[in-house]
Each structure stands twice: as C-alpha cells, then as structure tokens.
There are 2 protein chains.
Amino acid sequence: MLSERQLLILEAIIDDYIRFAEPVGSRSVSKRRDVKFSPATIRNDMADLEELGFLEKPHSSAGRIPSQKAYRYYVDHLLAPKDVGLSRHEIADIDQLFTKKFNELEKVIQHSANILSDLTRYTSIVLGPAVFSSSLQQIQLVPISPDTAVAIIVTDTGHVEKQTVSIPEVIQTTELEKFVKILNDRLRHVPLIQLQEKINTEVRYVLREYLDHYEEMIGMLNETINPELHEQIYYSGKTNILAQPEFRDVDRIREMMNMFEEESLIYRLFRSQNHGMTIRIGEENDLEPFDQCTIITASYSIDGKHMGTVGILGPTRMEYRRVIGILDYISKDLSKLLTNLYQRKNEW
Amino acid sequence: MLSERQLLILEAIIDDYIRFAEPVGSRSVSKRRDVKFSPATIRNDMADLEELGFLEKPHSSAGRIPSQKAYRYYVDHLLAPKDVGLSRHEIADIDQLFTKKFNELEKVIQHSANILSDLTRYTSIVLGPAVFSSSLQQIQLVPISPDTAVAIIVTDTGHVEKQTVSIPEVIQTTELEKFVKILNDRLRHVPLIQLQEKINTEVRYVLREYLDHYEEMIGMLNETINPELHEQIYYSGKTNILAQPEFRDVDRIREMMNMFEEESLIYRLFRSQNHGMTIRIGEENDLEPFDQCTIITASYSIDGKHMGTVGILGPTRMEYRRVIGILDYISKDLSKLLTNLYQRKNEW
DNA sequence: GTTAGCACTCGTGTGTTTCGAGTGCTAAAT
DNA sequence: ATTTAGCACTCGAAACACACGAGTGCTAAC
C-alpha cells in the first residue's frame, strides 16, 4: 500500500528526526545520498504519508515529524533485524559482566542496569530475578527479644527474605526449635510459590502431631510468607532522560519521576510484557506520563526458564536499532552468566 | 549592631520572601501591620542591610531578596524556639507512627520519611538506624551449592545483612557447622563495629584449636563482614522540590536528582551532622547541586544513644519555623517509639 | 531622624516587522 | 503519467521598539 518511494521517504524522515529531534523538511530529505527525487516530489509523498497518519506537522510551515504509527511501522517493517551493529567497544562493555566477579545476584543485575544506561544514555529498568521461580533452601527463626523474632527465608538462588514476627507467648523455645526443624524438613526445595499452600495443608497436619501450639505457629508463619512479595526493580540513569530535548518540561519530568517511585505500576508494566522482546511506543504503554516514551524490554532466563526483564525507557524518538541490539545482546549475556552461576546448583 | 528597626525589616523581608518567592519592595514592607515607617525610611535601612550583606538585589529596579547570610542570621537570632506551632492536625499525622503497628524497623523509618515529606512538601531524607551501634544476634551460613553459601548476620535490632561467599573446597560440612557454632558462641552480643577485630584476634585462636582449615574460614568470614557497610538512606517526596519556583531549571534538577543517587555523598553529608539539630543553608552544604538548598537534620536515638538522622531538603527559602518544629517533634516521637520497641530487648 | 517628592533604572509585556524555512498548487518538462 | 520547477503563501522565531510600572536612590523639607 505504501510505494517504494514513500517507504524510503518515511524511513529518511524517521532517521533524521531520531538524530536531530527537529521537524524534517522536503529539502533535507532530498539532499540525502539515497534519495534521488526533487523536494517537490517528496512533498507530494509527504502529504500522502500525512494523510495516512504516518507524519504530523507541528505547524503549517514546519517540516514533518513521525507519528507513533510511523514508529510502529518502522520497528515492524523497516528495521532489518540483521544490521544491529554494536561496536566492538560496546560489546566489550557488556562482556565485562562476565569478567568482573560478582557472586551476589543483585550486584550482577544492578551492574547490568548500569551498563545499559551508560551505553544507551537512556534510562534502564531491570526487573530482578523472579523470586517465585526459586525455591526454599532454608528457613530460620532468630529470636531478638522475648516476644519477637526475625524469620528468614533463604532461596536456592541465594536470595534472602526477612520478616520480623511476634512470637505468641505460650510458645517455648524448645518448641520453636522443633517447629523450625519440621519446616525445613518438609519445605526444603519447595518453590516459594507453593509455600503458602503447602503450609496450610500438608505441614499443618504434621505440626499437629508434634506440637501443642501449632495453630499459633501457623499463624505466625502466614505473617511471614508475604504473598505480595515481588521482584525488585533496579534503575540506572534515571536522569538520562532529562537530557532529551523533548523532556525539558518540569511538570512532565515531575510526573515521570513520580512514576519511577510507583514501583507497583512499573512492576505491572514489566510483568505484562511477553517473553522475548517487546517494544511499546508512546501510548501503547498505557501510562500517561510515558505517552511520549518508548519502552523496550527483553527477558532473560536461567536454563531457558524466564527469570526477569531488562528494559530501556527513552523518548519515542529512540535509537531503536541500537537499543534493540544492545538489549538483545545483554539479555542473552545475562542469561548465559546466570545459567553458569546456577547450573551447578541444579546438578547438585 | 543592627538596629531594632533593621531587624524588623529584615525579618519582614525574609518572611515575605519565604511565602511568595518574589523580591520584596520597600512599599510592601511598609504595608505590614507591625511596620510603622514610610517606604523611604525602609529603603534607607534596606540599603544598609544590603551593604552588610543581608540583602541582595536581583537587578536595580527589583525588590530585595534575603542572602544566605540573612537566613543564617534568621535561624540563629530571629527564630524564637518557642513559637513552633504545629497544628493539631499535623501532630495527629505524626503520632500515627505510634498507632500503626509496624514491627519492621525499616517500615517505621520509611513511614516517618513519608510523613515528613507529606507534611512539609519538601524532600525528606532519613538515615536508617546505625547498623554499627547494634550487635550481633546470630550468624548463619546457608549452603546453596557445593561451593557457595549465603552468610547471614542478624543483629539485635532485627536487621539482616547477607553476603554470598564461596566456600573453599577443602572444608567439610561438619567442619562448617562447628565453625558457625563457635562463631555464635563467641560473637553473640558483640557490637558489629568490633566484629572484624574480634574475629581476627580472639576468635582466630579459638578456631585454631578446633578446626583444621581455620585460616580459610577466617578468610571467608572477612569477605562477609563488609567494613563499608552503612545505614540505608530512605527518601520520600523526591519530586516535591520540583514544585518550588526556584527549581524550574531542568539542568539544576538533573544535578540534584543525580545527587540523590550518589548515596555515599548523601550519607557523608548526613553523618557529618552533629547530633541534635543541624541547619545547613546553601553553600554550607558543600555540595554544589544543593547550594540553593537548605538541609535541616535532627537525630533520633534509642535510649539516648544516637541511632540515625531525619532530614529535610528544601529551598533556602524554606519555612524554617515549621520544618524545625516538625523535625523536632518527629525525631522525639521516633526516639520514643524505637525505645519502646527495643527496650524489652535490653532488659532481656 | 524621618518622610515626601522625584528622577532614574530596568525587567516585563506587547505590538510590529523581518526573515526564512517549509508548504501546496499549478504548469511545464520528461 | 510522472516528475519537477516556479511561485505565492503560511507561520514561527528572532529582532526591535515602546510603554508600563515596580522599585530604587537621592535631596530637600518636615
């Protein structure tokens, strides 16, 4: 439906606008190497493209800027997946994830986020490894006063969750120790996501046999297992986006920065992405403060199992090609790294 | 050295500027109830005050604005500590810290930060309870793979630190258990700040007697005890400051937001404050992005022992009276709350 | 010592003009 | 039947002029 020439012009305009953030005129398109038509011809096509909703005019005597529809078309049809072209330098930057030795999962993730924002100069958002896809390694109850204790859950990925709980006074220390022992015997290697259910069925019956105050203990336990538990969000380069000319408006900035703090919304946004790579342009994000932004996410995995999401937030006028390349590379790198880090565990 | 009338005028100008963020002219000062002089008289005094460095002119035909020196004088001499005047409503807001039941120390702190920023409409920064003033309650080593384990330190305040460590392969599981037992016997109730030293002297000799590979274990332990460990920083209302008219400049905002991420700098800034209440105006903060800001901090304590710092970051044109009142009240409230929360522990 | 009076300053707001990049249309060229 | 040259037209941005008025500093009178 779009002619060869129209495609060429559309791409030229998008490329130009991505680079300079200025409306693009027919003359400057015609000056490009690969364009062999006069400004007048280009103007005709531009008028058509505008009618089709791909281009917009800020005002009648300015050039055209791409619409959201244009960006969507661009990433869907115009971006050849082959020519991603990361420089040697960039690849080296990413690969240092491997060379630096982190044995804290969190640090690996944070470092990935840092690399991402440094490389792209946009804001990076990374969803940490899914807590619920890991399983219980050990559960601990450390008393810190006569009536309180810290409950600690360690997962097989080395993640630690803690929760202060109050201990019903009827319970004796010896009972408590028995309780923890039973829990560990019964619940080790149980995926966290099944923990709650398992406790309230299977474990309940076992406890009943051995302990007097098992109901109180179950109650305490249910306090501990937080069903709203979710992956941590890592940011880097929150202020990078402020350097973009389209975000020079303080009120808009304020809204966006507020949104960063609304972790539950960001979390939902990232969780809803399909695995693989997702590109959301402008209003496709369904969050009003980001309606001039594009968010690209890629998922990373351990042993092929989806674990988390790395993402970039930038203006709709984003360097798609580059960002896609970087995200693709880093998500694969991260998957490899994490798989290495935890494969021994699985063989164990 | 300043006449009665000059003081009155200075205070009037500061009050007015704090309210409206606009240069104050002689006419508007003369219109105040408590001022009974003509604009001309006031102009003379204003000229004197300017010469003394208390007032500045944005340009020759504008009114005057207070200098940093003026704010300093204001808080030092003009602010009567008595007339703090929190409204009943505000006191209720703060006191809900007591009524809501948090048994997580972190949540209490975060909630305090939220109250602070809500009440003041500035940005609140709170330094969490000093980890180093708490002592070891229990140390744990949870293996998560053949050669790695998670070391977990629980303090008497319920704080949990974790660190993934690699286990030297020469070490057996039984040895490891003995190791942890010795550590707990020897180190319980030792203040974290003495931990490292104690391990490398006293504990070392004990370990030598009971364990073959004690040197490897000590090495592993030293990996765990992070000497750079420090209090967490809690923010709330990071974007409140953007609503102030003096921070409508994107580049300034960017610098400030970047500074928020530089936790080590913020940490140092807050650590360097004396106990009690400290007010740093403009360049007194020694951080260039905050040279138009005032930071007021107050420390909170448990049983009189300094624990952390609550603070407010706002423009130099800050509502000093109000903020001081709120900070004073909340820091005392927080101290009471935390003392209650942990006093039983001490009697234990 | 205080104030009224007045000339002066200077930023802000407004209206005018100019400039030029860019457009759309028409007619000529290919 | 396209494509292009030519041209009138649009409209924002920048430059300029001008008036306004809030505010000042100085001087002289109270």
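Below, chains carry the letters A, B, ... as their sequence lines are ordered, and counting in each starts from 1.
- When the P atom of dT24(D) is taken as reference, atom CD1 of Ile9(B) falls 11 Å away, rounded to whole Å.
- Separating the CZ atom of Arg27(B) from the C1' atom of dC6(C) is a distance of 16 Å, rounded to the nearest angstrom.
- In this structure, the CD atom of Gln6(A) is 15 Å from the C1' atom of dT3(D), given to the nearest Å.
- Checked options Ile312(B), Thr278(B), Leu313(B); the residue passing with Ile295(B) is Leu313(B) (criterion: side-chain contact (heavy atoms from CB on, under 4.5 Å)).
- What separates CZ of Arg64(A) from P of dG22(C) is a distance of 12 Å, to the nearest Å.
- Counting only heavy atoms from C-beta outward, the side chains of Leu49(B) and Ile9(B) approach each other to under 4.5 Å.
- Ionic pairing of Asp251(A) and Arg248(B) is present here: one or more N-O contacts between side-chain nitrogen and carboxylate oxygen are shorter than 4.0 angstrom.
- If you measure from atom CZ of Arg5(A) to atom P of dT2(D), you get 10 Å, rounded to the nearest angstrom.
- Ion pairing of Asp76(A) with Arg72(A) is present here, as a side-chain N (NZ or NE/NH1/NH2) and a carboxylate O approach within less than 4.0 Å.
- Using the six-membered ring where Trp is involved, Tyr73(A) and Phe54(A) have ring planes that are perpendicular, over 60° apart on the 30 and 60° scheme.
- The side chain of Ser61(B) places no N or O atom within less than 4.0 Å of a non-bridging phosphate oxygen (OP1 or OP2) of dG21(D).
- When side chains are defined from C-beta on, Asp291(A) counts as touching Arg252(A), because their heavy atoms get closer than 4.5 Å.
- Distance, Glu4(A) CD to dT3(D) P: 13 Å, rounded to whole Å.
- Contacts with DNA chain D (heavy atom under 4.0 Å) in residues 39-60 of chain B: Arg43(B), Met46(B), Lys57(B), Ser60(B), listed by number.
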